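Before any comments, here is the structure.
The figures that follow rest on heavy atoms only: side chains count, while hydrogens, waters and symmetry mates do not. Here the structure is a predicted model, which means the values were calculated and not measured.
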Amino acid sequence: MWRELEAIGRHPGAGGYRRFAWTGADADCRDWFRGEAEARGLLLELDRNGNQWAWLGDPSAGDAVVTGSHLDSVPDGGAFDGPLGVVSSFAALDELRGRNARFTKPLAIVNFGDEEGARFGLACVGSRLTAGELTVEQAHRLTDADGITLPQAMEAAGHDPDAIGPDPERLARIGAFVELHVEQGRALDLSGDQVGVASAIWPHGRWRFDFRGEANHAGTTRLVDRRDPMLSYAETVLAARREAQLAGAVATFGKISVEPNGVNAIPSLVRGWLDSRAADQATLDMVVHGIEKAAREYADAHGIHLDVVRESFTPVVEFEHALRDEITRLLGKGDGGKGAHLNVPVLGTGAGHDAGILSGSIPTAMLFVRNPTGVSHSPAEYAAEDDCVAGVTALADVLEGLACK
């Protein structure tokens with residue numbers, strides 16, 4: 001499976017993946033998912049929001065156990081973020097069939113659409129729409145860098161954009177959702193464990209900072225006469241690092257847009273996007289307030305107008321304790337051949353996931369697979385094969401405990 005999937009959407013120059021929502025690479029990933037589902041005799045569904053579901057058993061029976069993740073990527077992302085969860089889900093089903101497991105509940109494997117938000121700027125669009133956390137009106141206003149709206153992109157890919165919206169009936173049929181994901185940090189590597197269980201997802205959001213100055217000639221305009229928004233932006237980037245470091249949080253300006261974007265022109269507009277995350281809401285609020293306060297001081301000093309817009313926000317997610325504790329018990333018990341005796345660390349994460357979005361509607365949980373470098377959202381993202389196999393075994397043990405006799 002991994003070999004068949006790994007070439008899709010890979011940029012030959014950068015070496016990373018560009019699997020963006022409703023593009024050709026996305027369609028190829030969906031075709032791959034369809035093929036894996038059909039090869040296992042699973043019932044394939046495409047829901048109203050473009051998410052793919054592969055069912056074993058009757059989807060309408062209720063109390064289903066669902067696993068899976070996503071197949072799209074950030075710009076020049078790694079091979080494991082998202083796809084490891086989907087590949088591992090199919091492999092875990094194969095493992096359970098090899099054990100002759102008897103399923104007492106329906107099982108589904110899901111590929112959520114547009115989880116990374118690389119094209120339209122909002123993460124987890126497919127799961128947000130399903131859970132009703134993104135309205136149809138908001139979704140229809142999403143636009144990519146080329147001015148193409150989400151409805152236009154969906155229609156071009158053969159999906160009806162007028163069908164999107166909340167799907168409470170589908171969610172009501174799900175008893176638990178367990179998402180396996182490569183760890184996006186080094187906690188497991190430092191502890192020496194192959195697999196861990198998520199405790200919570202940090203609150204996180206994205207803010208757009210628009211610094212507006214005055215375009216002018218880079219060679220003839222005296223320094224004292226300039227209203228250069230790049231200076232205020234640069235000072236704000238440093239302020240973000242300082243505020244995050246003081247608070248034990250993270251803050252990143254990872255995307256920038258400049259107008260008129262000429263080498264010999266002083267910019268008229270510098271637009272930067274801030275991503276910030278912290279262990280709790282109060283800390284996150286403090287960090288973002290500190291960054292904005294510093295940005296406004298810098299802007300005032302340089303004669304720059306500043307607008308700050310919060311584009312997205314996800315509050316802290318505490319995964320359901322009962323499901324988390326049951327998963328920890330299943331993994332740690334060691335059942336004489338089917339699973340290993342595992343030390344199962346429980347750890348938090350600063351990364352957002354579809355499981356976090358769905359946690360307000362259904363019981364959700366997450367498994368993490370060790371990442372030896374901690375690098376993610378990069379072509380250097382990596383997980384060793386034996387750790388991936390341990391993840392598959394752990395997921396199979398969990399699914400067997402939740403969905404089988």
Any side-chain donor-acceptor pair under 3.5 Å between [X] and [Y]?
{"X": "Asp228", "Y": "His302", "answer": "no"}
{"X": "Asp280", "Y": "Thr283", "answer": "yes"}
{"X": "Glu381", "Y": "Ser376", "answer": "yes"}
{"X": "Ser268", "Y": "Glu259", "answer": "no"}
{"X": "Thr149", "Y": "Thr143", "answer": "no"}

Could you please spell out the steps behind the side chain to side chain contact (heavy atoms under 4.5 Å, CB included) verdict for Glu6 and Met1?
CA-CA 9 Å; Glu6 67 177 349; Met1 282 187 288; over 6 Å; no
Near-ring test [Y]/[X], centroid separation under 6.0 angstrom:
{"X": "Phe90", "Y": "Phe33", "answer": "yes"}
{"X": "Phe120", "Y": "Phe20", "answer": "no"}
{"X": "Phe253", "Y": "Phe209", "answer": "yes"}

Hey, what do you get for [atom1] ([X]) to [atom2] ([Y]), rounding to the nearest 0.5 Å?
{"X": "Lys293", "Y": "Glu243", "atom1": "NZ", "atom2": "CD", "answer": "8.5 Å"}
{"X": "His204", "Y": "Phe313", "atom1": "NE2", "atom2": "CZ", "answer": "8.5 Å"}
{"X": "Phe103", "Y": "Leu96", "atom1": "CZ", "atom2": "CG", "answer": "4.5 Å"}
{"X": "His159", "Y": "Met154", "atom1": "NE2", "atom2": "CE", "answer": "4.0 Å"}
{"X": "Leu306", "Y": "Glu292", "atom1": "CG", "atom2": "CD", "answer": "6.5 Å"}
{"X": "Leu5", "Y": "Leu71", "atom1": "CG", "atom2": "CG", "answer": "6.0 Å"}

Assess whether side chain to side chain donor-acceptor pair (under 3.5 Å) is satisfied between Arg128 and Thr314, documenting all intermediate values.
CA-CA 11 Å; Arg128 285 183 191 272; Thr314 303; 3.0 Å; yes
Verdict with reasoning, Leu42 to Leu93, per side chain to side chain contact (heavy atoms under 4.5 Å, CB included)
CA-CA 11 Å; Leu42 306 179; Leu93 174 58; 3.9 Å; yes
[X] side chain near [Y] side chain, heavy-atom distance below 4.5 Å:
{"X": "Trp32", "Y": "Val86", "value": "yes"}
{"X": "Phe319", "Y": "Ser199", "value": "no"}
{"X": "Asn371", "Y": "Leu188", "value": "no"}

Enumerate the residue pairs fulfilling ring pair (Phe, Tyr, Trp, His ring centres under 6.0 Å) with a member in residues 131-153, sequence neighbours excluded, ordered by first and then second residue.
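For residues 131-153, and leaving out neighbouring residues, there are no ring pair (Phe, Tyr, Trp, His ring centres under 6.0 Å) pairs at all.
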Among Asp354, Thr349, Asp81, exactly one meets side chain to side chain donor-acceptor pair (under 3.5 Å) together with His181. Which residue is that?
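With His181 as partner, side chain to side chain donor-acceptor pair (under 3.5 Å) holds for just one option, Asp81.
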Taking His353 for its side chain and Ala355 for its backbone only, find out whether a donor-acceptor pair lies under 3.5 Å.
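Not a single qualifying donor-acceptor pair exists.
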Determine yes or no for a side-chain-to-main-chain donor-acceptor pair under 3.5 angstrom, with Gln138 supplying the side chain and Thr135 the backbone.
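Checked: pair present.
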Heavy-atom count around Arg186 CZ within 6.0 Å, excluding the residue itself: above 12?
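Atom CZ in Arg186 is crowded, with more than 12 foreign heavy atoms closer than 6.0 Å.
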List the steps, then state whether side chain to side chain donor-acceptor pair (under 3.5 Å) holds for Thr130 with Asn51.
CA-CA 9 Å; Thr130 300; Asn51 306 309; 3.1 Å; yes
Are any of the side-chain nitrogens in Asp26 or Arg30 under 4.0 Å away from the carboxylate oxygens of its partner?
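The answer is yes: the pair qualifies as a salt bridge.
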One thing to verify: whether Glu183 and Arg370 come together as a salt bridge, which I'm taking to mean a side-chain N less than 4.0 angstrom from a carboxylate O.
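Here Arg370 does not pair with Glu183 in a salt bridge, since their nearest N and O are not under 4.0 Å apart.
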Can you name the one residue among Arg206, Arg208, Arg141 that meets salt bridge (charged side-chain N to carboxylate O under 4.0 Å, His left out) with Glu311?
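Answer to the salt bridge (charged side-chain N to carboxylate O under 4.0 Å, His left out) test with Glu311 among Arg206, Arg208, Arg141: Arg208.
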Parallel, tilted or perpendicular: which describes the rings of Trp2 and Phe80, with under 30° parallel and over 60° perpendicular?
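Ring orientation, 0 to 90° scale: tilted.
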